[in-house]
Amino acid sequence: VSAAVSERFSVIPLIFERLAAALISGTICRLLLPYYIAYNVTAVSNVQIHAYNGYSPIPSLMIVIMTLWLFGEYCQKVNEL
């Protein structure tokens with residue numbers, strides 16, 4: 001910390017070290033990736049994602065709660081004026 005405050009801290013070596021670390025990390029991950037996901041790959045077309053359950057009351061309750069919350073904050077700000 002004292003080196004950074006006294007302006008004796010050079011940023012250039014830090015940038016080169018970060019770039020070198022990123023390149024080394026990326027290379028290692030790229031080399032090891034096929035071994036980790038060899039048997040864990042699933043086609044995207046096989047997965048069916050349901051965004052919401054149409055019979056769930058949760059979305060409606062969340063909207064009501066957020067509306068009441070915003071209304072309460074608005075009333076609080078009006079009363080402060």
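All figures in this text were calculated on a predicted structure; none of them were measured in a lab.
- Rounding to the nearest 0.5 angstrom, the gap separating the CE atom in Met66 from the CG atom in Leu61 is 10.5 Å.
- Here the CG atom belonging to Leu70 is positioned 12.0 Å from the CD1 atom belonging to Ile65, to the nearest 0.5 angstrom.
- Side-chain atoms of Thr27 come within 3.5 Å of backbone atoms of Leu23 as a donor-acceptor pair (strictly under, hydrogens ignored).
- Interatomic distance, Met62 CE to Thr67 OG1, rounded to the nearest 0.5 Å: 10.5 Å.
- Atoms CG and CG, on Leu14 and Leu19 in that order, are 9.5 Å from each other to the nearest 0.5 Å.
- The CD1 atom of Ile63 sits 12.0 Å away from the CD1 atom of Ile58 when rounded to the nearest 0.5 Å.
- Hydrophobic clustering (ILVMFWY, side-chain heavy atoms < 4.5 Å, transitive): Ile24 and Phe16 are in distinct clusters.
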